[in-house]
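Report on the structure given below.
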Protein chains: 2
Amino acid sequence: MGAALDESKALLVRRWGEMGGYWGISRTMAEIHALLFVSGRPLCMDDIMAQLHVSRGNTSMNLRGLVDWGLVQRVHKLGDRKEYFQIDTDVWHMFGTIMRERRRREVEPIVATIGRCREMVADVDGVAEDEKRELREFRRRLDELRNFLTTMGALFELVLKFGSEGIAQFSSLLTGTGAVTRRETTEQRTSRNATKRSERPARKKSTKSKRNPRQ
Amino acid sequence: MGAALDESKALLVRRWGEMGGYWGISRTMAEIHALLFVSGRPLCMDDIMAQLHVSRGNTSMNLRGLVDWGLVQRVHKLGDRKEYFQIDTDVWHMFGTIMRERRRREVEPIVATIGRCREMVADVDGVAEDEKRELREFRRRLDELRNFLTTMGALFELVLKFGSEGIAQFSSLLTGTGAVTRRETTEQRTSRNATKRSERPARKKSTKSKRNPRQ
DNA sequence: TAATTCTTTCAGAAGTATCTAAAAGATAGC
DNA sequence: GCTATCTTTTAGATACTTCTGAAAGAATTA
């Protein structure tokens, strides 16, 4: 009856791959990610190639992408020259990594641009009275937008720091399900999730990079 | 000095468009969205074509996409046969729309699949003892994943219902900045944001659809 | 009904992204 | 150094998206 298990895994991999497209991630990359997730053990390139029917080159590229995202780690087995790839097993931690990376790549640039736009219209001197109205309205919108983005960013930071228990508390608080006081049950999580992903060395793609030495 | 205003707007439109790609939205669609946002008034197709240098067909298609997302409304001016397009001006409401739509299109299908996967491995009969371990581990992961997704969904629902004030409270609660009790300041927002977007008629793309009658 | 004005659809062009297979690059052991 | 084993890069092929321009479709007025 291991067949049911395999089918179940295959189904999740397929669907996860399809969904990847919506998230700006190539299907293959998402499939590799899912495969590592369902396998529950490190896989080598040949495993992945065989199970997903993709070429070696493609596998290599997408694995690199996943490592760059901080979602997959390279691991090695004693007496085996192959590299194995392993996924973060903690779902909360995994999504924390995704969120932080997306924020860095996608939200921060737009926040910076909003800042520049804001400066460009900071000066009201020499503007006709009827244009001032439009200017003020535009500034108001910029401020609202920036405020939204930074607030959401802060919220994510908090949520991912405090994990699922924190959210449950938050929910019950807002919905008034009951009076909840801050418990300390989430503190252990915090330290584990605080791994500094941001300090990962920024790999330059274009550079004729030396192969990663296996320390 | 209206030049600075125009340049500032153009800059935001360009950057917003670039970012659109990351969000699975075509650049033009994102640019149109941004243009409506910065303009602060309804625009017609010719306005958009002129300002973004895109063809009529492209403009039409992308505007339809935005209307389908519920991000843009069609409006009409008295004595003018043209259609005008208007964006939701409330940033929180706007992102609420995006989040809900993304959840419907992207998160719900994967949650459904997880459910199916879970059922496929529910039965443990006739499984060798050493495979049971793997099975249980797989089930644990599936459950964790589903739990994460539904919790996050609920969180978004809450956050968008309670708006920025709610988040500020949440933040101060978790960080322990001070004892906060639920205030009622956000209630007005709630009703406005509760517009039932989900009941929008599901336009079939493939169908040789009749043109939307202007009621 | 015909003319006018505006919008949508669609076939093919243009532009991107992704994939494969083959060559080049690394490392370890002999 | 040479060979074996494994990984990365790359050029070109394939597949997918997006865009345009032209034709068809709709509503309105005469």
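Owing to the predicted nature of the structure, the values given are computational and were not obtained by experimental measurement. We name chains A, B, ... by the order of the sequence lines, and we start the count at 1 in each one.
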Polar pairs (N or O, both sides) under 3.5 Å between protein and nucleotides 14-17 of chain D?
none

- Query: Taking CD1 from A/I25 and P from C/dT18, how many angstroms apart are they, rounded to a whole number?
  - Reply: 11 Å
- Task: Identify, with sequence neighbours excluded, every residue that meets side chain to side chain donor-acceptor pair (under 3.5 Å) alongside A/E7.
- Result: none
Exercise answer: donor-acceptor pairs, residues 31-39 of chain A side-chain atoms, under 3.5 Å, sequence neighbours excluded:
residue	atom	partner	partner atom	Å
A/E31	OE2	A/R27	NH1	3.0
A/H33	ND1	A/W16	NE1	3.4
A/S39	OG	A/L35	O	2.7

- Query: Who passes side chain to side chain donor-acceptor pair (under 3.5 Å) against A/D143, sequence neighbours left out?
  - Reply: A/R118
- Query: Below 4.0 angstrom from OP1 or OP2 of D/dT18, is there any side-chain N or O of B/T28?
  - Reply: no
- Message: What is the distance, to the nearest angstrom, from the CZ atom on B/R64 to the P atom on D/dC19?
- Response: 16 Å
- Round to a whole Å and report the spacing from CG of B/D80 to C1' of C/dT4. 14 Å
- If you round to the nearest 0.5 Å, how far is NZ of B/K9 from CG of A/L142? 10.0 Å
- Item | Length of the line joining A/I32:CD1 and C/dC19:C1', which is rounded to integer Å | 12 Å
Write out a two-atom table: protein N or O, nucleotide N or O from nucleotides 1-5 of chain D, distance below 3.5 Å.
residue	atom	partner	partner atom	Å
D/dT5	O2	A/R81	NH2	3.0

Show me the donor-acceptor pairs within less than 3.5 Å that the side chains of residues 44-54 of chain A make with the rest of the protein, sequence neighbours left out.
residue	atom	partner	partner atom	Å
A/D46	OD1	A/R56	NH2	3.0
A/D47	OD2	A/C44	N	3.0

- Minimum heavy-atom separation for B/D88 to B/Q73, with atom names? N-OE1, 4.1 Å
- Note on the structure: the helix from C/dT1-D/dA30 to C/dC30-D/dG1: angle between terminal helix axes, five bp per end, to the nearest 10 degrees, reads 10°
- Item | Between C1' of C/dT7 and CG of B/L43, the distance in whole Å | 17 Å
- Message: Expressed as a whole number of angstroms, how long is the span from A/R27:CZ to C/dT16:C1'?
- Response: 17 Å
- C/dC19, D/dT8, C/dC10: which one has an atom nearest the side-chain heavy atoms of A/N62? C/dC19
- Message: Going by salt bridge (charged side-chain N to carboxylate O under 4.0 Å, His left out), name the residues that satisfy it together with A/R139, two or more places apart in sequence or in a different chain.
- Response: none
- Does B/R15 come within less than 4.0 Å of B/E18, counting only side-chain N to carboxylate O? yes
- Query: Should A/R116 and A/E119 count as an ion pair when the cut-off is N to O under 4.0 Å?
  - Reply: no
- Item | Nearest heavy atoms of A/M29 and A/N62, plus distance in Å | CB-OD1, 3.4 Å
- By side-chain contact (heavy atoms from CB on, under 4.5 Å), which residues pair with B/R140, not counting sequence neighbours? B/E137, B/E144
- Note on the structure: In numerical order, the residues of residues 46-60 of chain A whose heavy atoms come under 4.0 Å of DNA chain D are A/R56, A/G57, A/S60
- Task: Please name all residues satisfying side chain to side chain donor-acceptor pair (under 3.5 Å) with B/S60, sequence neighbours left out, ordered by chain then number.
- Result: none
- For B/R102, side chain to side chain donor-acceptor pair (under 3.5 Å) partners two or more places apart: B/E106
- Message: If I compare all heavy atoms of A/V121 with all of A/L135, which pair ends up nearest, and what's the gap?
- Response: O-CD2, 4.0 Å
- Could you state the CE-P distance from A/M45 to C/dA21, rounded to the nearest angstrom? 14 Å
- Message: From CZ of B/R74 over to C1' of D/dA26, roughly how many Å is that when rounded to an integer?
- Response: 13 Å
